[in-house]
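Ligands are counted one by one from 1 in listed order, and the atoms in each one are counted from 1 as well. Excluded from the calculations below are hydrogen atoms, water molecules and symmetry mates; all remaining heavy atoms, backbone and side chain alike, are included.
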Amino acid sequence: MRLTVIGTGYLGAVHAACMADIGHEVLGVDVDAEKIKALAEGRPPFFEPGLHDVLTRNVQSGRLRFTDSLREAAEFGELHFVCVGTPQQRDSHAADLRYVDAVIDGLAPWLRDGSLVVGKSTVPVGTTARLVARMRELVPDRGDFEIAWNPEFLREGFAVQDTLHPDRLVAGVLSARADAMLREVYAPMLRAGVPYISTDPATAELVKVAANSFLATKISFINAMAEVCDAAGADVVTLADAIGHDTRIGRRFLSAGLGFGGGCLPKDIRAFTARARELGVDRAVAFLREIDEINTRQRRRTVDAARDLVGGSFTGRRIAVLGATFKPDSDDVRDSPSLAVAAAIHQEGGDVWVHDPEGIENAHAVLPALHYTTDPMTACQGASAVLHLTEWRQYRELDPAVLAGVVRTRTILDARNTLDTERWRSAGWKVRALGRPAPAPAVVPSPPARVTIPQAAGPGWAAPATDSLSLVPK
Ligand code: UDX
């Protein structure tokens with residue numbers, strides 16, 4: 001099929017390359033000329049394992065091309081995937097749909113008869129219906145194109161694999177024809193047995209936000225348990241292992257630590273709450289506020305634990321931060337919990353040195369005041385404490401005995417619960433891990449009074465997050 005992919009960020013670039021890889025002729029569209037140039041030369045504009053290969057292969061074969069013209073896109077084919085961003089609005093929790101609207105406005109006058117516009121971006125429920133009305137208004141004399149919603153569930157770091165081998169495909173369609181077109185696009189996946197759920201657009205839109213809300217809830221649930229474990233001297237990792245054996249619960253997304261960040265989970269649960277309020281059902285998802293607050297509190301708890309480890313004040317202390325991205329195998333620092341913690345420590349007078357295998361450039365652009373290095377040893381040089389904030393594999397492979405030779409004090413905080421704490425302890429390190437008991441008196445959890453816990457859902461929550469620990473994406 002000849003199809004276009006409009007918006008070539010994480011979602012669109014990967015989708016375009018993968019659609020070409022399964023045999024379609026694809027035209028990628030973006031307003032960013034530099035991004036288009038890079039992609040057309042087979043260079044991914046961001047770090048994503050496996051993307052370089054699939055991109056190069058398909059650019060070279062001629063099946064994948066790029067343009068900045070929506071008119072060219074409209075004339076190129078009959079099926080158009082909309083993959084533009086839907087960030088959080090600056091002054092509210094709702095999603096900013098201006099980029100989605102701009103695509104519809106730009107395409108509408110040029111669309112070929114019988115075209116199908118398929119939204120993939122995460123949007124508030126009701127968006128398809130609104131866009132159908134908008135399209136009718138824009139080109140009232142023509143009624144022969146359609147809109148459908150086909151949400152995307154890819155994870156950064158696994159984006160290519162998730163696109164080529166999804167857990168399921170969800171198609172929110174208004175006609176049998178639209179359904180047939182989507183089945184044709186995804187024919188290789190359907191032949192491989194990927195479940196295909198055909199439904200109405202509102203349900204499809206909701207599937208995405210419901211899935212992300214559930215994942216966020218799982219993470220905040222286990223982080224709430226970590227808080228209880230810290231107070232009770234229990235071990236959240238063993239607790240997660242034990243409850244995770246129950247197949248009704250499952251162990252995935254039950255890793256306690258610094259919590260979730262990134263361009264999706266935080267903004268999606270906020271946008272969902274804002275939309276539920278508009279629909280008059282805010283009580284139904286009021287728990288998501290608590291999920292968000294537990295998540296932000298983990299950042300605060302991490303800063304408090306780090307401060308305790310260095311004797312009560314960061315002033316004049318050099319602090320090593322391992323990890324800047326919101327998760328490993330990504331260079332994405334949007335709403336990164338690690339950077340939020342690093343920024344808070346810097347604000348309290350700490351001399352913060354940040355290492356990350358892929359995210360240094362992006363982190364520097366957001367927080368230029370911190371020190372950055374591409375060498376973890378340099379980050380740890382003379383450090384009063386080492387903070388393990390993003391669980392890159394490299395950090396699990398660090399040799400605590402070697403690192404002991406460069407730090408000022410052998411103190412480490414494992415805020416992701418993925419280090420072999422016994423190995424670090426036997427190399428003479430004082431180790432603190434979130435939600436895990438400390439064996440030596442020197443690392444007994446801080447008394448409750450030291451852990452500053454912001455007030456739960458109050459009027460403040462309704463306003464946009466202004467807490468420095470919630471780095472709302474720009
Ligand atoms: C998420 C959804 O998983 C994906 O389906 C959707 O399409 C986009 O949003 P992504 O943002 O790539 O994907 O990240 P994900 O792997 O879900 O992790 C989100 C955050 O949760 C990360 O900051 C991660 O460190 C954190 N996390 C994840 C935990 O703190 N604990 C866990 O057990 C799992």
> Which heavy atom of the protein is the closest neighbour of atom 33 (O) of ligand 1, given with residue, atom name and distance?
S255 N, 2.8 Å
> For K218, is the nearest heavy atom under 4.0 Å from an atom of ligand 1?
no
> Closest non-hydrogen protein atom to atom 10 (P) of ligand 1, residue and atom name please, with distance?
K327 NZ, 3.8 Å
> Starting from atom 17 (O) of ligand 1, what is the nearest protein heavy atom, named by residue and atom, and what distance separates them?
F253 CZ, 3.2 Å
> Closest non-hydrogen protein atom to atom 12 (O) of ligand 1, residue and atom name please, with distance?
E156 N, 2.7 Å
> Look at atom 23 (O) of ligand 1 and say which protein heavy atom is nearest, naming residue and atom and giving the distance to 0.1 Å.
F326 O, 2.8 Å
> Counting each atom of ligand 1 from 1 as listed, which ones have a heavy atom of E152 under 4.0 Å away?
7 (O)
> Is a salt bridge present between R134 and D101, judged by a nitrogen-to-oxygen distance below 4.0 Å?
yes
> Give the atom numbers and elements of ligand 1 that come within less than 4.0 Å of a heavy atom of F260.
20 (C), 21 (O), 23 (O), 26 (C)
> Contact between ligand 1 and K208 is defined here as a heavy atom of the residue under 4.0 Å from a ligand atom; is it met?
yes
> Validate the cation-pi geometry between R275 and F272: distance from NZ or CZ to the six-membered ring centre under 6.0 Å, angle to the ring axis within 45°.
no
> I'd like to know whether the aromatic ring centres of Y372 and H355 sit less than 6.0 Å apart in this structure.
no
> How far apart are the C-alpha atoms of S330 and T325, what are their side-chain angles, what is the distance that settles it, and do they pass the side-chain hydrogen bond (donor to acceptor under 3.5 Å, both in side chains) test?
CA-CA 7 Å; S330 167; T325 53; 5.6 Å; no
> Do D332 and K327 sit within salt-bridge range, that is, some charged N less than 4.0 Å from a carboxylate O?
no
> Considering distance alone, does some N or O of F153 sit under 3.5 Å from an N or O of ligand 1?
yes
> Select one of side chain, backbone, both or neither to describe which atoms of L254 lie under 4.0 Å from any atom of ligand 1, heavy atoms only.
backbone
> Any salt bridge linking E156 with R334? Criterion: basic side-chain nitrogen under 4.0 Å from a carboxylate oxygen.
yes
> Regarding D335 and K267, does a basic nitrogen lie under 4.0 Å from an acidic carboxylate oxygen?
no
> For the pair E397 and R393, find out whether any cationic side-chain nitrogen is under 4.0 Å from an anionic carboxylate oxygen.
yes
> To which protein heavy atom is atom 1 (C) of ligand 1 closest, and what is the distance rounded to 0.1 Å?
L265 CD1, 3.7 Å
> Salt bridge or not between R57 and D53? Use side-chain N to carboxylate O under 4.0 Å.
no
> I'd like to check whether G261 has a polar contact with ligand 1, where a contact means an N/O of the residue lying under 3.5 Å from an N/O of the ligand.
yes
> Name the option, out of T390, I219, I222, that contains the heavy atom nearest to atom 27 (N) of ligand 1.
I219
> Hey, would you say the F46 and Y10 ring centroids sit under 6.0 Å apart?
yes
> Give the atoms of ligand 1, by number and element, whose distance to some non-hydrogen atom of R155 is under 4.0 Å.
3 (O), 12 (O), 13 (O)
> Under 4.0 Å from ligand 1, counting heavy atoms only, is it the side chain of N212, its backbone, both or neither?
side chain
> Within 45 degrees of the ring normal and closer than 6.0 Å to the centroid, is that where the cationic atom of R168 sits relative to F153?
yes
> Can you tell me if G262 contacts ligand 1 (heavy atom of the residue under 4.0 Å from the ligand)?
no
> Give a yes or no on whether a salt bridge exists between R396 and D414, defined as a side-chain N under 4.0 angstrom from a carboxylate O.
no
> What about L215: any of its N or O atoms under 3.5 Å from an N or O on ligand 1?
no
> Does a salt bridge link R297 with E227, judged by any charged N lying under 4.0 Å from a carboxylate O?
yes
> Heavy-atom contacts under 4.0 Å between R416 and ligand 1: side chain, backbone, both, or neither?
side chain
> Identify the closest protein heavy atom to atom 7 (O) of ligand 1: which residue and atom is it, and at what distance?
L154 O, 2.8 Å
> C264 to ligand 1: N or O pair under 3.5 Å?
no
